[in-house]
Amino acid sequence: MSDARRDETLGGFVVHGVPFPIETDTDALAFLKRMTPIQIEQEYSITYLHSYGQDSPWFAGASNKRLLASQDAESGYSYATPRGHDMYSGRETEWIDVTDRTATVHAFTVCYFGSEEFLPDTPFVLALIEYEGVNTLFLTRLIGLDHTQASLEWIGREVQPRFLRNSKLKPTDVYFVPT
Amino acid sequence: MRPVYALSGGVSKFAKARPDKTFQAIVKEAYDYAVADLGLEFPAFTKAVDGSVASYFSDHFSRQLMAGIMAQDYLGLVPKPSHRVEGGGATGGLCFQEAWKSIASGHMDVCVAYGFETMSHVETWKGNEFIALASDVSWDYPVGGFYSGYYAMMVTRHMKEYGTTVEQMAAVSVKNHLNAYHNPYAQKRNRYTIDDVRNSPMVAWPLTRLDICVMSDGAAAVIFASEEGIERLEAAGAEITRPLVRVTGIGRGTDAMRMGDRPHVDYETFISDYATDQERDSDDTRSYYRDLWERGTRYPGVHSFRAGRTAGNMAYAHAGISDPLAELDFVELHDAYTSSEVQTYEDLGLCRYGEGGPFAASGKAFMPGIDYGLDLTEDPACAVNPSGGLIACGHPVGATGLMQGVFAIWQLQNTISKHFGDETLQVADARRGAIHSHAGTGTYVSVSILEKEGN
């Protein structure tokens, strides 16, 4: 008989006894059908190398306090959240600077709950912003309004961009405040 | 395309958590029920079925890739053909239609669609994160990261545009929860008032906890067949309920994943490309819409789902429906939020755009014979979510659209009493119904029409 053995290691689950029949006779094996499930915790984490690809200049702009959007040069159809190609013509879009355009609240909510990553931020105001002369909307955080006084009157209110001093290279490098 | 029949279905109990079984065994609960309802033993059905379609949304929830083949294996269906369908919240509805295609195309004569989700493996806030990863991870997820927030933004715009009220939305919650009281498969079976809904904890203003569906563990299965397939099943000993239930229409639509990217089309484009035949043919409705546009409405904006309207129009054309409110006896629609049920009334043409709020509170979408404790001004016209919908049944994503299919089959077979042990939710003389499945911020939507044969 071989004396080969797998090396024993420390660590693993902290277990304080797992109930099991002392004898595996027929009755005991049948009783196992009535056993409660064993549940264990499994950790899972991962670091992604995420590329902004063709959208990268927007993030460079935000880190330099300029707000970019994109536009089909021929039709003038423009996107507040940039797209590398126009969805109607299929043509590559051009960058435009919308930093100083008039901006208003198109829709909003106050998030009192959230996904795990953003729970520490709650409550926060989430808003879709409409820039003058731009065909689509931009999702952002709205700061400077009393979240306990949420009102449909906020829709249509003029707002302006403000930038983080220390860029995180995320779309939250810009947020909006009431003018 | 050949006629396609939906013969039977099964649903596992939808629950907050099902630690008693792995996902394969939960699928088997629903599958075995559907097989038994045909009067067949497991081996006889295994021999008769040609293949399957598997429906589940997120690999994250189970931390298991290729879960579909694990279910296929567990059900004893290997080496028969199968494929997985995934389309966010619409996964089950898409699965229903892919199984339909397998039969309609002649590729299979008997096909089973099964779906599941086991969302209890993570805490709710982590589950919200997984779901939010179904939004653009460069632009939307890092800012909001929360689907309830996205839907709340949609409804604030709907309220601003159309005057929709939180009480009208709450009426949906009261209706669906009380319907579910009579559905033993539902996760939440409660009698609530409008005040209960409004006073429950705020999640994303103005949506409260009782305006929003819950995460669930659960599974559902539907068995489809062609006429040849029915002959094969009956030769194997199946006792198939008649009149048969036939799937007479399918439709699908899509829209931009980022809701901010949706266009704002003008009145003429709306009328030519998106209006229902009924709307286009009505002077009154064209005038109504022209007035909306003159007041600033644009379509679809963030308040309407053109994917839903596209899917509905396609399915109605396929099934020969021109007046959905009059020609459908019930609709099982994707009410992940009370607000999205209101929005979907409009997309499905049960009422005009802008009238979803008053429609919700009118009584037209309620079941007859149930005292909801509400002051309803209209008689029931077309029961919406007679099962209790997602809000009350729960939303184990990959199972949900198939669950709707199962409940629709039972309505049209007139067998609700047999399956629920309670006939309260049986729609009287149900002859035609629709199921509607919806993903993302309106990104994929499917609509399927089921009819009792001889209708």
Side-chain angles (χ1 to χ4, degrees), chain A residues 35-39 42 44 48 50-53 55 58-59 77 79-83 87-88 105-119 121-130 135-141 147-148 150-156 168 170-172 174-175, chain B residues 17-22 60 63 121-133 135-161 163 201-209 212 256 258-264 301-303:
Chain A
M35 186 174 142
T36 54
I38 293 172
Q39 296 176 270
Q42 293 177 326
Y44 182 60
Y48 285 96
H50 181 78
S51 172
Y52 288 128
D55 297 333
W58 187 94
F59 295 90
Y77 196 91
Y79 299 91
T81 311
R83 297 174 66 101
M87 67 164 72
Y88 299 103
V105 176
H106 185 85
F108 78 96
T109 183
V110 183
C111 291
Y112 288 88
F113 194 67
S115 58
E116 187 172 40
E117 183 178 348
F118 304 110
L119 280 178
D121 297 352
T122 58
F124 59 84
V125 179
L126 194 61
L128 284 161
I129 300 299
E130 191 173 345
N135 297 85
T136 72
L137 309 172
F138 183 74
L139 183 67
T140 193
R141 298 280 184 94
H147 68 83
T148 66
S151 159
L152 294 179
E153 299 304 313
W154 290 4
I155 293 177
K168 311 289 186 195
K170 289 187 172 182
T172 42
V174 63
Y175 57 95
Chain B
R18 286 291 306 272
D20 57 310
K21 292 183 179 178
T22 63
H60 298 303
R63 205 175 74 90
H121 295 197
V122 295
E123 297 285 3
T124 299
W125 43 88
K126 179 57 81 176
N128 274 311
E129 192 169 297
F130 289 163
I131 292 168
L133 290 172
S135 62
D136 187 323
V137 296
S138 287
W139 296 98
D140 285 355
Y141 174 79
V143 181
F146 187 36
Y147 256 91
S148 297
Y150 303 155
Y151 275 79
M153 282 191 293
M154 292 179 197
V155 81
T156 58
R157 190 69 200 183
H158 198 279
M159 294 164 76
K160 184 74 173 180
E161 295 262 352
M202 189 63 72
V203 176
W205 191 90
L207 299 174
T208 71
R209 191 171 288 171
I212 302 174
R258 298 190 301 236
M259 63 179 155
D261 285 1
R262 294 190 206 158
H264 291 180
V302 297
H303 47 72

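Naming: A, B, ... by sequence-line order, numbering from 1 per chain. Being a predicted model, the structure only gives us computed values, none of them experimental.
- When heavy atoms are compared at a cutoff of 4.5 Å, A:Pro123 does not approach chain B at all.
- Distance check, rounded to the nearest 0.5 Å: CD1 of A:Ile155 to NZ of B:Lys160 gives 6.0 Å.
- The line from OG of A:Ser151 to CH2 of B:Trp205 is 6.0 Å long, rounded to the nearest 0.5 Å.
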Full working for side-chain contact (heavy atoms from CB on, under 4.5 Å) between B:Tyr151 and A:Thr109: CA-CA 9 Å; B:Tyr151 275 79; A:Thr109 183; over 6 Å; no
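- Contact annotation for A:Phe108: both backbone and side-chain heavy atoms come within less than 4.5 Å of a heavy atom of chain B.
- Shortest non-hydrogen contact noted between B:Val302 and A:Leu128 is CG1-CD1, 3.9 Å.
- Comparing A:Tyr79, A:Phe59, A:Tyr44, A:Phe124 by how many heavy-atom pairs each has under 4.5 Å with chain B, the most go to A:Phe59.
- Only the side chain of A:Tyr77 comes within less than 4.5 Å of a heavy atom in chain B; its backbone stays farther off.
- Heavy-atom distances place the side chain of A:Met87, and not its backbone, under 4.5 Å from chain B.
- Counting heavy-atom pairs closer than 4.5 Å to chain A, the top residue among B:Thr124, B:Asp136, B:Asn128, B:Thr156 is B:Thr156.
- Rounding to the nearest 0.5 angstrom, the gap separating the CD atom in A:Glu116 from the CZ atom in B:Phe146 is 13.0 Å.
- Proximity to chain B (any heavy atom under 4.5 Å) is shown, for A:His106, by both the backbone and the side chain.
- Within 6.0 Å of NZ on B:Lys21 lie more than 12 heavy atoms contributed by other residues, nucleotides or ligands.
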side-chain contact (heavy atoms from CB on, under 4.5 Å) assessment of A:Gln42 paired with B:Arg63: CA-CA 10 Å; A:Gln42 293 177 326; B:Arg63 205 175 74 90; 3.4 Å; yes
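- Chain A forms the most heavy-atom pairs under 4.5 Å with one residue out of B:Pro19, B:Gly149, B:Ala152, B:Pro263, and that residue is B:Pro19.
- Aromatic ring pairs are classed by plane angle as parallel below 30°, tilted from 30° to 60° and perpendicular above 60°; the pair A:Trp58 and B:Trp139 is perpendicular.
- Heavy-atom neighbours of B:Arg209 CZ from other residues, nucleotides or ligands within 6.0 Å: at or below the threshold of 12.
- Only the side chain of A:Gln39 comes within contact range of chain B, judged by heavy atoms closer than 4.5 Å.
- Using a 4.5 Å cut-off between heavy atoms, A:Ala150 contacts chain B through both its backbone and its side chain.
- For B:Tyr147, no part sits under 4.5 Å from any heavy atom of chain A, backbone or side chain.
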From CA spacing to verdict: side-chain contact (heavy atoms from CB on, under 4.5 Å), B:Trp125, A:Phe118: CA-CA 9 Å; B:Trp125 43 88; A:Phe118 304 110; over 6 Å; no
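- Counting heavy atoms from C-beta outward, A:Val110 and B:Met202 have side chains that stay 4.5 Å or more apart.
- Counting only residues at least two apart or on different chains, the salt bridge (Lys or Arg N to Asp or Glu O under 4.0 Å) pairs with a member in residues 138-157 of chain B are B:Arg157-B:Glu161.
- When the candidates B:Ala132, B:Ser138, B:Gly127 are compared by the number of heavy-atom contacts under 4.5 Å with chain A, B:Ser138 comes out ahead.
- Between A:Lys170 and B:Val143 the shortest side-chain heavy-atom distance does not fall below 4.5 Å.
- Neither the backbone nor the side chain of B:Met154 has a heavy atom closer than 4.5 Å to any heavy atom of chain A.
- Looking at A:Leu119, only its side chain comes within 4.5 Å of chain B, counting heavy atoms on both sides.
- Between chain A and the residues B:Arg258, B:His121, B:Met159, B:His264, the largest count of heavy-atom pairs under 4.5 Å involves B:Arg258.
- Here A:Leu139 contributes atom CG and B:Tyr141 contributes atom OH; the two are 13.5 Å apart, rounded to the nearest 0.5 Å.
- The structure places CG of A:Leu126 at 11.5 Å from OG of B:Ser148, a figure rounded to the nearest 0.5 Å.
- Side chain of B:Glu129 to main chain of A:Glu117: a donor-acceptor pair is present (N/O by atom type, distance under 3.5 Å, no hydrogens or angles).
- Summarising the geometry of A:Thr172 relative to B:Pro142, their closest heavy-atom pair is CG2-O, 3.7 Å, with the distance given to 0.1 Å.
- Between the side chain of A:Ser115 and the backbone N or O of B:Gly145, at least one donor-acceptor pair lies under 3.5 Å.
- No other option in A:Asp55, A:Asn135, A:Asp121 has as many heavy-atom pairs under 4.5 Å with chain B as A:Asp55.
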Residue pair A:Phe113, B:Val203: steps toward the side-chain contact (heavy atoms from CB on, under 4.5 Å) verdict: CA-CA 5 Å; A:Phe113 194 67; B:Val203 176; 4.1 Å; yes
